[in-house]
Amino acid sequence: MNKNLRPFHTFHLSVTANKVIPVHTPSELIDEWQKANQANQPVLLLGQGSNILFVENFAGTVLINQLKGIQHTEDEDFHYLNVAGGENWHELVKWTLTQNIMGLENLALIPGCVGSAPIQNIGAYGVEFEKACEFVEVINLHSGETLKLSNEQCQFGYRESIFKHEYKDDYAIISVGLKLAKQWQPTLTYGSLTQFDPTTVTAQQIFDEVCAIRSAKLPNPDQFGNAGSFFKNPIITFAKFSDLLTAYPTIPHYPQADGNVKIPAGWLIDQCQLKGYQIGGAAVHTQQALVLINKDNATAKDVIQLAKTVRQKVREKFGIEIHPEVRFIGKSGEINSEEITR
Ligand code: FAD
Ligand code: EPU
């Protein structure tokens, strides 16, 4: 049986899998995963497919995370949420605000499932998932054993966590625990959020502003398929940054705690005059150069070729290597995005 995967990933490329099966409980997840495994069929668990690129047809079973449920408890100082992995992230953010629970508003409108949020430690507008995370619960897909990893054990970093490494294969995230302080402090460090007065701003105002900026800059995947930022922002040494600053005095930059400096890849790509640049049906988005879009029935080959060209131009002009953020999926599982776009 061939099933079109176009609706199950936000790049909306026309690729197929042998089967697509929604899973509603951890035991359904284990059963389906083990069935595929025993039949020597590749198997892939997806949330909403908003951070992946299928580079070819998937020769196995795709499981869709539909684990649902939110439990809320509180004490004098904190709200505690235990959220099933298949809940929608943005719906969760909206729901918290209706319950007067603050702290997730900067992360509004990020597509995807709650259970996918820890994997790349989703971040936007000055806040990362790790700030709210108390624990992440995973299940061992071979044994069915569950375990809870504390915030520290998750080894969160910029678009990084242990779920891209030791817990990548053979485990699935089934729920996350969030801990949100009742004494709310707004985060107003990023862009137009700095205009707000920290003593009077509400979480709803931040939510509305973040939704407005995101809607203006980022393409709606239902209009032009995409997976958000295609590349990570590179982190370079201070010495390299000093050289760049001489040549480009207005370069946007974010100093890091270790002395290195993060540079927006979107700016680097934009400086290479690549906005709107197109290969086949794939193009660099005109509002935000960090986003590659499926402009007109793109194939995976078009997207890969475009990503290669973008990396090459940035390397030639700035001597900086940019690395894909999007995860690449081949016929039997994840492949090395770095090598295929070099
Ligand atoms: P998927 O794409 O379905 O899965 C991603 C990977 O994780 C796959 O390899 C999958 O196999 C694996 N996986 C999925 N679920 C599980 C699980 N339960 N257990 C174990 N492995 C699993 N990201 C940001 O950080 N900040 C942003 O501002 C942002 N903006 C975006 C804007 C747009 C328009 C788009 C399309 C994407 C954006 N992203 C952003 C990227 C994306 O939203 C996040 O990476 C999100 O967390 C992906 O969730 P998902 O459910 O779609 O994951
Ligand atoms: N810029 C340009 N030209 C462009 C794009 C950006 O000059 O085409 C400049 C902007 O003017 C700004 C700077 O680059 O000075 C940063 O741009 P922006 O605020 O749009 O954010 P970003 O660094 O491109 C990152 C995340 C986004 C996140 C936003 C907001 C990464 C890889 N991307 O983008 O996350 O939403 O900040 O915090 O870190 C994602 O991961 O998929 C994603 C969308």
Side-chain angles (χ1 to χ4, degrees), residues 8-12 23 26 29 43-54 62-65 67 84-90 106-129 136-139 141 158-159 163-164 167-176 189-193 210 213-234 250-254 262-272 274-275 284-291 293 322-329 333-334:
F8 298 102
H9 67 123
T10 60
F11 246 112
H12 298 314
V23 288
L29 167 59
V43 56
L44 176 75
L45 174 62
L46 279 192
Q48 288 167 356
S50 66
N51 206 32
I52 54 157
L53 177 75
F54 281 107
V62 172
L63 305 177
I64 307 288
N65 189 348
L67 310 184
E87 290 285 348
N88 176 274
W89 176 263
H90 178 65
N106 295 56
L107 299 176
L109 224 53
I110 299 182
C113 285
V114 168
S116 317
I119 299 171
Q120 71 159 9
N121 184 23
I122 56 167
Y125 301 96
V127 174
E128 288 180 310
F129 172 82
V136 173
E137 189 181 12
V138 294
I139 193 161
L141 292 159
Y158 168 60
R159 298 297 187 265
F163 308 106
K164 286 187 170 181
Y167 286 89
K168 182 161 85 78
D169 300 317
D170 308 328
Y171 290 88
I173 295 170
I174 54 171
S175 79
V176 307
T189 47
Y190 200 99
S192 63
L193 295 180
V210 167
I213 316 171
R214 294 184 66 98
S215 306
K217 275 193 195 172
L218 294 168
N220 176 348
D222 293 337
Q223 192 186 2
F224 291 118
N226 73 88
S229 300
F230 199 89
F231 302 97
K232 289 184 256 194
N233 288 334
T250 59
I251 185 171
H253 59 280
Y254 311 102
K262 196 195 269 177
I263 306 291
W267 182 88
L268 297 170
I269 300 166
D270 197 354
Q271 291 295 307
C272 296
L274 285 169
K275 269 187 177 161
V284 177
H285 186 47
T286 48
Q287 306 296 110
Q288 194 353 327
L290 195 47
V291 181
I293 60 169
I322 55 172
H323 305 281
E325 175 193 295
V326 172
R327 316 276 297 267
F328 286 30
I329 311 292
E334 184 162 16

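For ligands, and for the atoms within them, numbers begin at 1 and follow the listed sequence. Quick note: numbers below take in every heavy atom, side chains included, and nothing from hydrogens, waters or symmetry partners.
Using a 4.0 Å cut-off between heavy atoms, S50 contacts ligand 1 through both its backbone and its side chain. Here N121 has no heavy atoms under 4.0 Å from ligand 1, in either its backbone or its side chain. Heavy atoms of P252 found under 4.0 angstrom from ligand 2 belong exclusively to the side chain.
For atom 42 (O) of ligand 2, the closest non-hydrogen atom of the protein is S229 N, 2.8 Å. The closest protein non-hydrogen atom to atom 5 (C) of ligand 2 is Q288 OE1, 3.2 Å. Atom 27 (C) of ligand 1 has its closest protein heavy atom at G123 O, 3.6 Å.
Close N/O approach between A172 and ligand 1 is not found [any backbone or side-chain N/O within under 3.5 Å]. For ligand 2, the polar-atom distance check against Q287 finds no nitrogen or oxygen pair separated by under 3.5 Å.
Residue H9 places no heavy atom under 4.0 Å from ligand 1. Within the 4.0 Å heavy-atom shell around ligand 1 one finds R214.
Closest heavy-atom approach to atom 31 (C) of ligand 2 within the set F231, Y254, Y125, Y158: this belongs to Y158. For atom 17 (O) of ligand 2, the choice among W267, F230, Y190 with the nearest heavy atom turns out to be Y190.
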